[in-house]
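All remarks here apply to the structure that follows.
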Amino acid sequence: MNKLYKVLTVLFFVLFGMGTSFAQSSKYKCMLQMNSYQGEAAYVVISLINPKGGYEKTLAVLGPDKQWYNTLKEWYKFQTKSKEKLSAVTSASIGGGDRAIKTISIEDSKLNKGYKLRFETAVEEQKYHVKDIEIPLTTQGITERAAGTGYLRFVKLSKVQ
């Protein structure tokens, strides 16, 4: 019993007493409204972009078929190098004029530090939009409606309480 007590005490101090912090995250409902367009459903990737403009993490992929990921050219370069596991963040693609709601998780420590959310879109045999929407990850920016420049009409995020 004494040995177990020592192990638990050491474990407690390692996890909580020595500055080790667990990343606190907040969940956001992300509503995506598509423009009306003709053609196949769009693939959309939501990425966390670091202050230097590089990809840090994939937050969501709207498009289930891996064979089309390469149409999201810039993100695909990052994804093939990082080999992120995407099964937990993947869902259906979105057709022209449709709306989708996706819940994403963002580390609180990234807020107001120069990070952005990037929404990339691609439609089979049509134009690819590397920055359909970019939202500054700031207290104000994350809650404002952002207009798209490609297949996305707009995106609106709201914090899940």
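Within a 6.0 Å radius of NZ in Lys102, other residues, nucleotides and ligands contribute more than 12 heavy atoms. The neighbour count for Lys57 NZ, taken as heavy atoms of other residues, nucleotides or ligands under 6.0 Å away, does not exceed 12.
Taken to the nearest 0.5 Å, the CD1 atom of Ile94 stands 9.0 Å off from the CD atom of Gln33. Between atom CE of residue Met34 and atom CZ of residue Arg99 there is a gap of 12.5 Å, rounded to the nearest 0.5 Å. Considering CG of Leu62 and SG of Cys30, their distance stands at 8.0 Å, rounded to 0.5 Å. Between the CD atom of Glu84 and the OG atom of Ser47 there is a distance of 7.5 Å, given to the nearest 0.5 Å.
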* To do: Begin from the C-alpha positions of Ile104 and Leu117 and carry the test side chain to side chain contact (heavy atoms under 4.5 Å, CB included) through to its verdict.
  => CA-CA 11 Å; Ile104 59 174; Leu117 296 180; 4.2 Å; yes
* Worked check of salt bridge (Lys or Arg N to Asp or Glu O under 4.0 Å) between Lys110 and Glu56 -> CA-CA 11 Å; Lys110 307 297 184 192; Glu56 184 151 317; 2.8 Å; yes
* Hey, mind stepping through Tyr76 and Val45 against side chain to side chain contact (heavy atoms under 4.5 Å, CB included) and telling me if it holds? -> CA-CA 10 Å; Tyr76 187 68; Val45 171; over 6 Å; no
* **Test log, rule side chain to side chain contact (heavy atoms under 4.5 Å, CB included), inputs Leu86 and Tyr69** => CA-CA 11 Å; Leu86 299 175; Tyr69 288 177; 3.9 Å; yes
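Each of Gln79, Glu120, Lys77 was scored for a side-chain contact (heavy atoms from CB on, under 4.5 Å) with Leu72, with one residue passing: Glu120. The side-chain contact (heavy atoms from CB on, under 4.5 Å) with Tyr43 is formed by just one residue from the set Trp68, Tyr128, Trp75; it is Trp68.
Residue Gly63 comes nearest to Thr90 through the heavy atom pair O-CG2, 3.5 Å, listed as atom of the first residue, atom of the second, then distance. Ile133 and Ala147 get closest at one heavy-atom pair: CG1-O, 3.5 Å. Residues Gln126 and Gln38 come closest through the heavy atom pair NE2-O, 2.7 Å. In terms of heavy atoms, Glu40 sits closest to Val123 at O-CG1, 3.4 Å. Considering every non-hydrogen atom in both Pro64 and Ser93, the closest pair reads CD-N, 3.8 Å. Of all the heavy atoms in Ser105 and Ser25, the pair that sits closest is OG-CB, 3.4 Å.
Side chain of Asp132 to main chain of Thr121: no donor-acceptor pair is present (N/O by atom type, distance under 3.5 Å, no hydrogens or angles). Side-chain N or O atoms of Thr103 include none that pairs as donor or acceptor with a backbone N or O of Lys29 at under 3.5 Å. In terms of modelled atom types and a separation under 3.5 Å, the side chain of Lys83 and the main chain of Thr80 share a donor-acceptor contact. Checking side-chain atoms of Asn112 against main-chain N and O of Thr139 turns up a donor-acceptor pair under 3.5 Å.
Two residues are said to be in side-chain contact when any heavy atoms from C-beta on lie closer than 4.5 Å; Tyr115 and Pro51 meet this criterion.
Residues Tyr55 and Leu59 are members of separate hydrophobic clusters, defined by side-chain heavy-atom contacts under 4.5 angstrom among Ile, Leu, Val, Met, Phe, Trp and Tyr. Hydrophobic clustering (ILVMFWY, side-chain heavy atoms < 4.5 Å, transitive): Val89 and Val155 are in distinct clusters. Ile49 and Ile106 fall into different hydrophobic clusters, defined by Ile, Leu, Val, Met, Phe, Trp and Tyr side-chain heavy atoms under 4.5 Å apart, directly or through other members.
Note: Tyr151 and His129 have perpendicular aromatic rings, judged against thresholds of 30 and 60 degrees for the angle between ring planes.
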